[in-house]
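For reference, the structure discussed in these notes is given below.
All chains are named by letter (A, B, ...) in the order of the sequence lines, taking the proteins before the strands, and each is independently numbered beginning at 1.
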Amino acid sequence: MNRAAFQALWSHWRRHPVQLATLVLGLALATALWSGVQAINAEARNSYDRAAALMGQDSLDRLEAPGGVTPAQYVALRRAGWDVSPVVEGRLATGLGIVGVDPLTAPPQPALSALAGDTDALSGFLGTGFLLVAPETAAQVAQDGLPPFRISPDVPAGTALGDIGLALRLLGTDRLSHLLIAAEQPMGLPPLSDVTDLRRVTPEDTSSLAQLTDSFHLNLTAFGLLSFAVGLFIVQSAIGLAFEQRRGAFRTLRALGISLNRLMGLLALELGAIALIAGLAGIALGYGIAAALLPGVAGTLRGLYGAQVSGTLGFDPLWAASALGIALLGAAVAGAQALWRVAQMPLLAPAQPRAWAMASGRAIRVQAMAALGLLAVAAVLAIWGGSLLAGFACLGALLIGSALALPVVLLWLLRGGARLARGAMGEWLVADARQQVPALSLALMALLLALAANVGVGTMVGSFRGTFVGWLDQRLASELYVTARTEAEAAAVRDWLAPRSDAVLPIWSVAITLRGAPAQVYGVADHPTYRDNWPLLSADPAAWDRLATGDGVLVNEQMARRDGLDLGDTLTLAEGWAPPVVGIYSDYGNPQAQLIAGTGPLAARYPDQPRLRYAVRADPSRVPALIDDLRQRFDLPRDALRDQAEVKALSLRIFDQTFLVTGALNVLTLGVAGFAMLTSLLTLSSLRLPQVAPVWALGVTPGTIALAELARTALLALLTWALAVPVGLALAWVLLAVVNVQAFGWRLPMMVFPGGWLWLGLWALLAALLASAWPVWRLMSMPGGQLLRVFANDR
Amino acid sequence: MTVKALWATLWICFASAAGAQGFAGLGTDIDGFALPDPDTELTFPADHDAHPGFRIEWWYLTANLRGADGQDYGVQWTLFRSALSPGTDLPGDGDGWQTPQIWMGHAAVTSAGEHRFAQRLARGGIGQAGVTPDPFEAHIDDWVMRSTATQGDPLDALKLRARGQDFAYDLDLRAEGPLVLQGDRGYSVKSPTGEASHYYSQPFYQVSGTLTLPGGDVAVTGQAWLDREWSSQPLAQDQEGWDWLSLHFDDGAKLMGFGLRSSSGAHFTSATWISAAGEVTAYGDGALTLDPLETASVAGREVPVRWRVTLPDQGLRIDTAPLNPQAWMGTLFPYWEGPVRFDGSHSGQGYLEMTGYE
Amino acid sequence: MLSARNLFKSFATSEGPLQVLRGVSVDVAAGESVALTGESGSGKSTLLHLLGCLDTPESGTITLQGAPLHDLDEAGRAAIRRRHVSVIFQQLNLIPSLTVAQNLAFQARLAGVLDPEWQDEIAARLGLDTLLDRYPEQLSGGQQQRVAIGRSLAIRPELVLADEPTGNLDETTADNVMDLLLDGVGRSRSALLMVTHSPRLAARLNRVLHLREGRLT
Ligand SMILES: Nc1ncnc2c1ncn2[C@@H]1O[C@H](COP(=O)(O)OP(=O)(O)OP(=O)(O)O)[C@@H](O)[C@H]1O
Ligand SMILES: [Mg+2]
């Protein structure tokens, strides 16, 4: 009996393959976007863990000092019997991370496994030297003209692992970043505090990178959730339609003696089978999406946080299982309403299709109140919420509130529009649009969310880029940047350049630990280049003078916000040197605390820091000649000399790479929204016959009707777009003024790009027209008899 | 462990260097390392210092001690130097981290019931490990062998310290006899094909000091033997390992003897008889015989822990027995090293080292 | 006024072509009212659709006041429906998204012949004054058919074609609607061709045609 009943139910899908495809595709899409984002997040977290575990940094205590550890301090500890191992970490100008270790004293670890069992490898590693890199980093290392490398999959992406001697040379420093303290120590050692001034630091539970990037992943997750929700809209409408159309069949089956429970069970089974298939498709699709997006995500994380994430995706069965679970859950959520209605259906009720009629005034009022409430919550959170979570909650409230408000506002606008409509057809068009709003509202909400996200994220990225470009212009005031390989070469370059340029300004820095977090102090010369160009957010009037005398330090906005610093607060930069903050400057794109001190005072405290980089002021027209001369004279490698334009181009390239994923996700959500629209319209098209047939019978040609149908969808899409723009701007404001400040520590001025909105409007229009083209074509290419049947059909 | 590979490399390097005999006449091998030269006159204290032009070198001290608790103990203190390439990057030289000199320390305290050992690795060039000639000090981390001699040879009096996770020791050594040149005036041949090393010893130390063990401090006294050896090619290609003995006879005489095991079957032996007054008689291949009497299962392999040693020319025929058959050095390149007692024609105590038992 | 000659029409079905009309000829004079009867499935609706330019015959001719209708294209037929021939179906005549008032005026406005006075008169005669702001789904079946009659008369068509306009209604209501229809047709001076199964209703018209085996008798 089950079998026969199931066949009867299933025959519906055989007659409506498009409906089935819509259902499967919708669920697959929802699953794919959600699980794809999850896969990306998991891969990134994996990379952080790998990076954190490198050199036991996640488990072993370490010794550190502001400005780094000297080899003498290291040797003193070893000679006191303490089993410590040196590590140096840094980054080359090209962005490649360098980690130097001493394999003779390092704690055992997988990253060095490439050396195990290979007899020549270790002596090569220690001797002439080579770097160990992950497969995906190989190209980067090959290009940079670095020492030879070997592949070790256990090294985090974007990082090259080398012997400490080699790493120190590559990084141009003689300071160690920190010393790792082995877990097991020899017996009878003197206390650490008797042996060294270095500070013992216990690693935090979670890697700092994971914390830093949390907000980004939350962002991704939000995008994934949005897509999932949009996908469920599709599923819901497809299931709803299928159930409506089968009401007759349900009634017949029940009349034939199949109990309600059995019917519900069969339907749930059917839904589960479909969800399973869709889930499998979604896993494949999600893996594809994740694999395609991952390089972009890796770029973003590298650009924004300096986090190194592998660009290749592994396949995790656990992930696949959870994706399948999500698909089943989604189907259950989307199907619950339909099943509920079946359960409520009285046996003898006429098998009449639910009227896709006007939402009642009361329902609309409730929805309007809910929307207003949510928007009010969003406003409160935006103004008074002081955390990242509050920022995201605000975003959520804003988006959901706007989505709920959409049908209300659309109905209201269309009511007004009805008065403006001219002619019978115009009136019908607007009136029919109004009637379609409740049926299309889910799809339109999806469109609103996609468009608003587009406007919002676009505005944020655009504002960021605009600000960044302006800031680069100011900050890259020097015409030429030179990096020498050794101190001696640096001195020679400096002497050679002195008579040939307007100024040679050293760029050098000291890595210190300030208030428990790493910070970089840059020494800058007292020169108009900085006085005139460096953008300060707030400053003491005599800031630059006080910097030069050592009676002041500038901090970047990130640090000021994070530590609640204000002008006048003092910071201990070295023993016995605690200058006050005399200025705060914007420092976009830098995740770390950064400070600027006068080069003289800083050099006095940190005398043996190498100074290998210089900014050169010169007449721009003479720069190419200078570059040629410098290169020939000192035989400098290609990337040792960079002119202003090149640095700018490089920075912008990194920036644009950073936001590639955002763009891709934007396009994807818009695509999904378009698909939701298509399925809703398809669903509606079969129910629209009674609406369209009388108009046709009254003497309107099918062509005109088709045009009217298209115009109506376009009208709804355009109205939705018009509402999405202000929502998107509000979204951008929350992102820039709330989320950004909480996540990155800098606030950006908001810039608007109306041109972009127009383009988006065109896209929305195109998406809507594409989505409606097929249903309209189906409606219109129906044989005339079909329309006539509407009138003859005895229902 | 990864560094294991390094040492494996080094031993393999020696083997391949041995194949480069054609260059022996020039005094360097293919990689540019110096080769032992029979005409070299060892001079002291200069040769106590490191010889960075050679591939490998060691300062190797073993002690047979008796504790105030009545127990016998053995102590080992060894510093190996190994060069990745010939160079002079010793302390004080410029680019310290990128020195080719790699140092390894092994220390052990052996009792009848427990064999405790530790290992240290370091590169030269940064002051973490190395040897300074004046005042003489060999060290790696906090392990030191430092001269405390106020006159005479720097090795006449030494302070010796080392520690591991479950032991430490602090010993004072005083030599009661002269330095002894092994082989032909310190040129010690290691194979029929002529591989050799520079080799001298100080076998006459009297020791006193303290062992620190988990159960508490133990005052000890006893005898010790220091070997100094450097070369670039100590083993021939077909040589698998060696069995080496340093013996203190009860009458004050000493014997150094070793046998190099060859895969081709023909073992190569060498011995030096040192009278109580320090007069040396060197014996070439075949004079000394070493015959395993009994093996023990040590660290998953069969190792001969009792030996019959004969040197007919001195009327020597003794059987050795280990203080602790499990004196296994589970270090990067593992070997057996521990105190022994012997009986037979002579009696006394000493140290046995066995390498190459896979 | 309306003259059809020798109309043939068949439908493709799974069991092969189904010949529904086999040479039907019919004439309707101006202002005349004609009843069309026949068994279910005999082709009454089919014939009505051909005459109302909702479908095209396979062969045969149809002329309205001498102008041929059978070879018009889709736009031409739409124009005839808009301006000259009104159709009233058994159900679903109205546009669900428009109010009664809008429905009443819709066809007239499409055709550009809106006459407010005539419009008011129709509404009054049909008793729709109080229902003007309602939507079709808020009306009873009889009310809906009254609106359909009003709408079809608004253009003062030459011919009103009605396909069982009272088929869904009870007898009293059906009589009432019938009265209004005949009254309206009279006022707008339109001819009426009405399909009905009810001999009682058929008897109220000038003439009765019977369709059987694809021919009129
Ligand atoms: N589009 C169509 N395709 C196939 N067959 C059709 C189509 N329209 C009508 N028919 C068939 O043509 C025949 C005539 O149908 P029609 O609707 O004209 O009958 P009718 O006389 O109006 O019947 P009733 O009194 O039940 O309304 C019927 O057998 C019907 O099944
Ligand atoms: Mg009919």
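- Between B:Trp143 atom CH2 and A:Arg79 atom CZ the span is 13.0 Å, to the nearest 0.5 Å.
- Among all heavy-atom pairs drawn from A:Met187 and B:Phe167, the shortest one is SD-N, 3.0 Å.
- Of the atoms belonging to A:Asp163, it is side-chain heavy atoms, and not backbone ones, that fall under 4.5 Å from chain B.
- In the model, A:Arg169 has a side-chain atom that pairs as donor or acceptor with a side-chain atom of B:Gln98 under 3.5 Å.
- In this structure, the side chains of B:Trp97 and A:Leu176 come closer than 4.5 Å at one or more pairs of heavy atoms.
- Proximity to chain B (any heavy atom under 4.5 Å) is restricted, for A:Gln185, to the backbone atoms N, CA, C and O.
- With rounding to the nearest 0.5 angstrom, the CE atom of B:Met104 is 10.5 Å from the CG atom of A:Leu104.
- Between A:Arg78 and B:Leu121, the shortest heavy-atom distance links the atoms NH2-O, 4.4 Å.
- A pairwise comparison of heavy atoms in B:Ile126 and A:Val75 identifies O-CG2, 3.1 Å as the closest pair.
- Chosen from B:Pro214, B:Ala118, B:Gly164, B:Ala122, the residue pairing most often with chain A at heavy-atom distances under 4.5 Å is B:Gly164.
- In this structure the side chain of B:Gln128 reaches within 4.5 angstrom of the side chain of A:Thr105, judged on heavy atoms.
- Across all their heavy atoms, B:Arg123 and A:Pro103 have their closest contact at NH2-CD, 3.8 Å.
- Nearest heavy atoms, B:Gln165 versus A:Glu184: NE2-CB, 3.1 Å.
- No part of A:Leu77 comes within reach of chain B, as not one of its non-hydrogen atoms sits under 4.5 angstrom from that chain.
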